[in-house]
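The structure appears right after this line, and notes come after that.
Excluded from the calculations below are hydrogen atoms, water molecules and symmetry mates; all remaining heavy atoms, backbone and side chain alike, are included.
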Amino acid sequence: MTFDPALHEQAVERQRKRARLNRRVIGTLVTALMVIAAEMLLKLYGVPAPLRFILAMVGGCFAALVILAGVKGTAVLSEGVVRGLLEPGGRGRSTAVFSQAESLASRGDFEAASRAFEALRAKHGETAALLRAEAEMHMRAGGEPARARDLLHRLRQVTDVSRSDELFATHRLLDLYLGVLADPGRAIVELRRMADRFPDTPDGQGALAELRRRRDHLAQDQTNP
């Protein structure tokens, strides 16, 4: 049985919808708790109804927005701090560094562009930004898919790789194995990796759903030869 990318995408989309629903439920619960807390506090200070209920509603909703925004902002800030420690110059600086190599690729000279990337790695070290940029270049028409595959594997092993980079690399490897490299066995390996490494994300849950679908389908085939 071959891997069906359309079904996998459907599974990922279902998990994304579920994640959005979960966020709405959490937002509703936080808002309700804040409204109740505000109402109790206002009652404690002797604010009469119905003004107390109006103020509790407004204040509770505002407090919930602040809390939810703070949680999201903290996550974004934490990722930025970690990235700043790993890449003091930032990804913007890396983009400027390899813009010449990408310019060569845009003119169709992939061989010269690859040499330029190698020279940059010799000068600046092997970084996630450089590996990702060259891999993306070879994923385009005219590039070398096998070279892209090797770069993506190296990307996942480099010291400054982020979870976003790792997820990107796994997705692109799936694209290669299901596309020009035509290696469904390796695609299944990447699905298992995605499910193991990103279990709490829509991508990981979609990969797990696809693996279960394949297992159930195989069991049916064995039951009904």
Side-chain angles (χ1 to χ4, degrees), residues 3-9 11-13 15-16 19 75-76 78-87 89-99 101-102 105-106 110 113-122 124-211 214:
F3 172 74
D4 191 332
L7 289 175
H8 176 234
E9 287 301 320
V12 170
E13 184 56 30
Q15 294 300 333
R16 286 173 178 164
V76 172
S78 298
E79 182 178 352
V81 169
V82 172
R83 190 178 295 282
L85 292 172
L86 293 175
E87 301 180 47
R91 293 228 180 216
R93 176 179 178 275
S94 297
T95 301
V97 167
F98 55 66
S99 60
E102 291 191 317
S106 68
F110 288 90
S114 288
R115 289 198 300 270
F117 274 114
E118 287 293 347
L120 287 169
R121 280 194 287 275
H124 300 285
E126 185 142 282
T127 67
L130 286 170
L131 289 166
R132 179 167 177 161
E134 188 178 356
E136 287 179 319
M137 177 189 77
H138 283 295
M139 290 288 294
R140 299 201 298 261
E144 299 179 28
R147 173 70 172 166
R149 176 199 59 204
D150 295 341
L151 290 164
L152 292 167
H153 281 294
R154 286 162 59 184
L155 170 59
R156 293 197 302 205
Q157 297 170 1
V158 76
T159 55
D160 67 336
V161 66
S162 68
R163 283 182 62 80
S164 175
D165 290 324
E166 183 181 350
L167 184 58
F168 162 83
T170 305
H171 269 296
R172 290 297 175 267
L173 284 167
L174 271 169
D175 292 339
L176 287 170
Y177 290 136
L178 295 171
V180 292
L181 296 182
D183 192 340
R186 293 299 304 174
I188 297 306
V189 172
E190 294 302 328
L191 278 173
R192 290 197 184 99
R193 181 187 178 95
M194 186 179 290
D196 291 341
R197 294 285 296 162
F198 304 93
D200 299 324
T201 67
D203 306 89
Q205 291 164 7
L208 183 59
E210 171 60 22
L211 289 168
R214 289 178 56 83

| query | If you look only at pairs with a residue in residues 170-181, which of them pass as a salt bridge (charged side-chain N to carboxylate O under 4.0 Å, His left out), with sequence neighbours excluded? | reply |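 Residue pairs passing salt bridge (charged side-chain N to carboxylate O under 4.0 Å, His left out), neighbours aside: Arg172-Asp175.
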How close do [X] and [Y] get, counting heavy atoms only, and between which atoms?
{"X": "Asp165", "Y": "Leu155", "answer": "O-CD2, 4.0 Å"}
{"X": "Met137", "Y": "Phe110", "answer": "O-CE2, 3.5 Å"}
{"X": "Arg163", "Y": "Arg197", "answer": "NH2-O, 3.2 Å"}
{"X": "Phe168", "Y": "Leu152", "answer": "CE2-CD2, 3.9 Å"}

| Quick one: OG1 on Thr127 to CG on Asp160, what's the gap to the nearest 0.5 Å? |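 Between atom OG1 of Thr127 and atom CG of Asp160 there are 5.5 Å.
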Side-chain heavy atoms of [X] within contact of [Y], under 4.5 Å:
{"X": "Glu126", "Y": "Thr159", "answer": "no"}
{"X": "Arg132", "Y": "Ser164", "answer": "yes"}
{"X": "Asp203", "Y": "Thr170", "answer": "no"}

Show me the side-chain donor-acceptor pairs of residues 185-195 shorter than 3.5 Å, one per line, residues at least two apart or across chains.
unit_1, atom_1, unit_2, atom_2, d
Glu190, OE1, Arg156, NH1, 2.7
Glu190, OE2, Arg156, NH2, 3.3
Arg193, NH2, Glu166, OE2, 3.3

Pairs under 3.5 angstrom only: tabulate donor-acceptor contacts from the side chains of residues 140-150 to other protein residues two or more places apart or in another chain.
unit_1, atom_1, unit_2, atom_2, d
Arg147, NE, Glu134, OE2, 3.2
Arg147, NH2, Glu118, OE2, 2.7
Arg147, NH2, Glu134, OE2, 3.1

